[in-house]
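Please read the structure below before turning to the comments.
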There are 2 protein chains.
Amino acid sequence: MVQAQTLSRNQQIVLDIIEKAKGPLKAYSILFNVQKKGINAPQQIYRALDKLIEMGKIHKIESKNAFVACRNSDCEISKATAFSICESCEMVDEISDAKLSKYLSSFNHKKGMKFKRFNLEFFGLCKKCK
Amino acid sequence: MVQAQTLSRNQQIVLDIIEKAKGPLKAYSILFNVQKKGINAPQQIYRALDKLIEMGKIHKIESKNAFVACRNSDCEISKATAFSICESCEMVDEISDAKLSKYLSSFNHKKGMKFKRFNLEFFGLCKKCK
DNA sequence: TAACGTTTGTTATAATATAACATATTTGAG
DNA sequence: CTCAAATATGTTATATTATAACAAACGTTA
Ligand SMILES: [Zn+2]
Ligand SMILES: [Zn+2]
Ligand SMILES: [Zn+2]
Ligand SMILES: [Zn+2]
């Protein structure tokens with residue numbers, strides 16, 4: 001079972017950094033940023049990241065191997081994620097669109113596979129970079 | 001401009017391996033499989049992979065850091081990809097669904113971003129593993 | 001308190017990917 | 001054809017991302 005609310009020390013430290021960041025953060029960049037707080041090893045970062053993902057507090061942007069805070073309170077614990085990603089400035093924005101989410105959650109593959117989860121990444125140029 | 005048809009030697013070798021495979025292949029597993037053909041270094045694999053992706057001959061499964069052959073002749077040069085992925089047996093199947101593709105290709109983000117490309121990964125259990 | 005699950009700390013290593021540079025091959029404009 | 005440009009190759013080294021394995025501490029709660 002996944003913790004409901006309380007975060008452990010390291011989990012809180014990692015989450016704080018990710019939430020404060022303006023864009024996606026990479027694991028080792030998080031590591032370098034928390035060495036002053038006594039976290040020294042990648043394992044400590046990756047363990048915190050894993051738990052935070054399970055809890056739906058953060059998401060991994062697979063195409064970038066980077067992590068963002070969930071800005072979407074009704075995001076169903078990372079079961080249905082969608083992002084828009086700027087190919088120029090690296091900006092990532094979590095898409096919260098009920099229709100899209102419903103459409104994809106009820107999508108059924110012809111070959112009889114029932115999906116439990118999806119992740120969708122859109123790429124383009126953001127307003128600034130256009 | 002991207003090559004239309006002809007593949008270079010290394011590109012052909014790498015593509016052959018990926019097309020023959022039953023599931024997604026990782027870069028280093030490709031490397032180990034082609035060392036008898038005189039390819040010795042990761043660079044040679046990654047360069048071939050990059051070109052094959054540009055050409056739309058293969059796709060990268062981002063959540064697995066692995067590569068599959070495109071089975072979808074009308075797949076618009078990797079601009080609109082969707083996959084179903086079994087969480088148990090690792091099977092990957094490229095989804096070719098005109099409606100889904102159209103729906104996502106015409107999806108417009110509220111925040112004014114126009115998308116050039118998307119990648120969608122569905123996760124679940126395939127028929128065998130269910 | 002005793003037992004259990006979870007978190008932490010730590011060292012080492014595995015797996016994935018790119019940099020940089022030299023050479024070779026292919027292609028196409030003139 | 002010929003030379004220049006673009007593309008592809010070979011090679012060594014290194015950067016980046018992620019996990020294994022083990023020991024110790026902490027926080028339940030029965
Ligand atoms: Zn979310
Ligand atoms: Zn941008
Ligand atoms: Zn395809
Ligand atoms: Zn399966």
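We name chains A, B, ... by the order of the sequence lines, and we start the count at 1 in each one. Treat the numbers as computed from the prediction; the structure is a model and nothing was measured.
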In whole Å, what is the span from the [atom1] atom of [X] to the [atom2] atom of [N]?
X: L52(A); N: dT7(C); atom1: CG; atom2: P; value: 10 Å
X: L7(B); N: dT27(C); atom1: CG; atom2: P; value: 12 Å
X: L31(A); N: dG9(C); atom1: CG; atom2: C1'; value: 13 Å
X: K37(A); N: dT8(C); atom1: NZ; atom2: P; value: 14 Å
X: Q11(B); N: dA6(D); atom1: CD; atom2: C1'; value: 14 Å
X: L25(B); N: dT16(C); atom1: CG; atom2: P; value: 12 Å
X: I45(A); N: dT11(C); atom1: CD1; atom2: P; value: 16 Å

Using five base pairs at each end, measure the axis-to-axis angle across the helix from dT1(C)-dA30(D) to dG30(C)-dC1(D) and round it to 10 degrees. 40°
Exactly one of K22(B), K128(B), K64(B), K26(B) should register a salt bridge (Lys or Arg N to Asp or Glu O under 4.0 Å) with E90(B). Which one does? K64(B)
With hydrophobic residues grouped by side-chain heavy-atom distances under 4.5 Å, do V68(A) and L120(A) end up in a single group? no
Hydrophobic cluster membership, with links at side-chain heavy-atom distances under 4.5 Å among I/L/V/M/F/W/Y: are F83(A) and L104(A) in one? no
Can you tell me if [X] touches the phosphate of [N], counting only side-chain N or O atoms and a distance under 4.0 Å to OP1 or OP2?
X: S8(B); N: dT26(C); result: no
X: Q44(B); N: dG10(D); result: yes
X: N10(A); N: dG9(C); result: yes

Are side-chain heavy atoms of [X] and [Y] found at a separation under 4.5 Å?
X: F115(B); Y: S105(B); result: no
X: D93(B); Y: M113(A); result: no
X: L7(B); Y: L52(B); result: yes

What class does the angle between the rings of F107(A) and F122(B) fall in, given that below 30° is parallel, 30 to 60° is tilted and above 60° is perpendicular? parallel
Pairwise N/O distances under 3.5 Å, protein to nucleotides 16-26 of chain D:
unit_1  : atom_1 : unit_2 : atom_2 : d
dT17(D) : OP1    : K26(A) : NZ     : 2.4
dA18(D) : OP1    : K60(A) : NZ     : 2.7
dA18(D) : OP1    : N65(A) : OD1    : 3.4
dA18(D) : OP2    : Y46(A) : OH     : 3.0
dA18(D) : N7     : Y28(A) : OH     : 2.8
dA18(D) : N6     : Y28(A) : OH     : 3.1
dA20(D) : N7     : Q43(A) : NE2    : 2.6
dA20(D) : N6     : Q43(A) : NE2    : 3.2

Could you give the distance from CG (L125(B)) to NZ (K130(B)), rounded to the nearest 0.5 Å? 8.0 Å
Set of residues satisfying ring-ring contact (aromatic ring centres under 6.0 Å, His included) with respect to Y46(A), sequence neighbours excluded: none
